[in-house]
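First up is the structure itself, then whatever we jot down about it.
Note that ligands are numbered from 1 as they come in the structure, with each ligand's atoms numbered from 1 the same way.
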Amino acid sequence: MADWKTRTKLIHEGVRRSQYGEMSEAIFLTQGFVYDSAEQAEARFVEAGADEFIYARYGNPTVRMFEERIAAIEGAEDAFATASGMAAVNAALTSMLKAGDHVVAARALFGSCLYVLDILGRFGVEVTLVDGTDLAAWRAAVRPGTRAVFFETVSNPTLEVIDIAAVAEIAHAAGALVIVDNVFATPVYSRAVAQGADVVVYSATKHIDGGGRCLGGVICGSRDHVRKVVEPYLKHTGAAMSPFNAWVMLKGMETLDLRVRAQAATAQRLAEALDGHPKLARVLFPGLPGHPQHDLAMRQMGAGGTVISVEVAGGQRAAFALLNALRIVKISNNLGDSKTIATHPATTTHQRLPEDQKRVLGITPGLIRLSVGLEDADDLLADLSQALEVI
Ligand SMILES: Cc1ncc(COP(=O)(O)O)c(C=O)c1O
């Protein structure tokens with residue numbers, strides 16, 4: 001319902017009740033659906049109605065509930081769920097591109113997103129990488145024949161904030177579609193569609209699940225684009241979200257707003273406390289006034305988000321010493337979880353990148369990414385402070 005507020009939509013939007021009137025969303029753990037007649041089967045394959053399903057690779061009632069709920073939150077007309085965030089990134093790009101097309105992307109991307117761009121190159125799509133924070137670079141790179149621009153609205157792990165509205169203006173003038181990976185902004189702080197994004201992609205594995213249980217992803221966009229471009233690609237290539245995972249994501253969404261706002265408040269507090277610490281060379285957090293895109297972050301998202309990156313003075317040895325001294329904060333590589341997680345991008349999530357590329361992106365040996373969870377902020381600060389003492 002268009003006039004419901006976010007928290008109401010996160011709980012009630014998209015619900016489909018069976019004849020039993022169940023309160024909690026049902027898990028329709030079925031790959032297939034029974035037809036009353038051969039004629040009905042035939043008709044459904046020609047065109048399935050809103051409550052008609054064919055095969056879980058094409059759609060499933062539990063998955064559909066998740067798609068409708070996230071589309072409503074995002075302010076998008078429709079959505080298609082995928083098996084993981086990377087399946088969503090891959091499908092968002094591949095479903096609309098062909099050999100000879102040109103894509104402009106920000107170079108500060110998650111390692112697997114860069115890998116997807118490499119694959120596109122193998123199939124004759126030309127990819128130009130730019131400094132996503134430099135609007136002149138976008139302007140110079142976009143040309144007739146540019147079909148899409150792609151960027152993480154807040155980059156992983158150096159937390160560069162890209163100006164969605166400004167890049168969208170440049171892209172749209174050239175006739176290109178704006179595809180954004182909005183994981184770090186989260187659906188709670190997202191205004192991506194209103195700011196000009198045509199396609200918004202999430203790894204649902206992160207804040208949407210929020211408990212580190214399931215993989216999932218989703219592509220949001222106009223009904224035409226989702227149904228005519230994204231759906232045919234995904235339903236024939238098979239990266240469907242499992243109904244069980246969709247159910248976990250639906251339940252995760254009920255608390256998404258509360259969780260993300262609490263995580264962002266704690267992240268703000270930790271970033272302010274850590275900023276200027278003598279053992280840290282840099283504290284990167286869009287919520288800090290010193291962040292290069294602080295004003296943009298406030299305009300675009302209204303908050304700094306739930307992830308902080310810090311650079312330990314003393315390189316990898318010092319970073320590892322800090323990680324190994326943490327007690328509450330866990331060493332892992334997910335984000336958006338209720339548990340606070342510390343990641344060393346240079347040796348894990350971004351290990352594959354050549355050293356010179358890591359240097360350009362600021363993925364230094366001392367960089368640690370902190371995904372702030374739901375623990376008590378005082379406990380987290382005490383844990384980080386004692387670990388910083390060790391190095
Ligand atoms: C920005 C970004 N995009 C996409 C993904 C991929 O998501 P998934 O692990 O669900 O495939 C991640 C995962 O870390 C990410 O950080």
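Taking a cut-off of under 4.0 Å to the non-hydrogen atoms of Ser84, the atoms of ligand 1 that pass are 10 (O), 11 (O). In the vicinity of Thr205, heavy-atom distances shorter than 4.0 Å reach the ligand 1 atoms 8 (P), 10 (O). Close approach of ligand 1 to Ser203 is summarised as follows: ligand atoms under 4.0 Å from at least one heavy atom of the residue are 7 (O), 8 (P), 10 (O). Listed by atom number, the atoms of ligand 1 under 4.0 Å from Gly85 heavy atoms are 7 (O), 8 (P), 10 (O), 11 (O).
Between Phe320 and His344, the ring center distance clears the sub-6.0 Å criterion.
The nearest non-hydrogen atom to atom 1 (C) of ligand 1, considering only Thr343, Asp209, Asp181, Val307, comes from Asp181.
For the pair Glu152 and ligand 1, the shortest N or O to N or O distance does not fall below 3.5 Å. Not a single N or O atom of Ala87, backbone or side chain, sits closer than 3.5 Å to an N or O atom of ligand 1. Between Asn156 and ligand 1, a contact under 3.5 Å exists for at least one N or O pair.
In this model, no donor atom of one side chain and acceptor atom of the other lie less than 3.5 Å apart for Thr349 and Asn333.
At least one heavy atom of Gly216 sits closer than 4.0 Å to an atom of ligand 1.
For Arg317, the CZ atom sits in a loose shell: 12 or fewer heavy atoms of surrounding residues, nucleotides or ligands are nearer than 6.0 Å.
With Leu114 as the fixed residue, the side chain to side chain contact (heavy atoms under 4.5 Å, CB included) test singles out one of His350, Gln357, Arg107: Gln357.
Closest to atom 6 (C) of ligand 1 among all protein heavy atoms lies Met86 SD, 3.5 Å.
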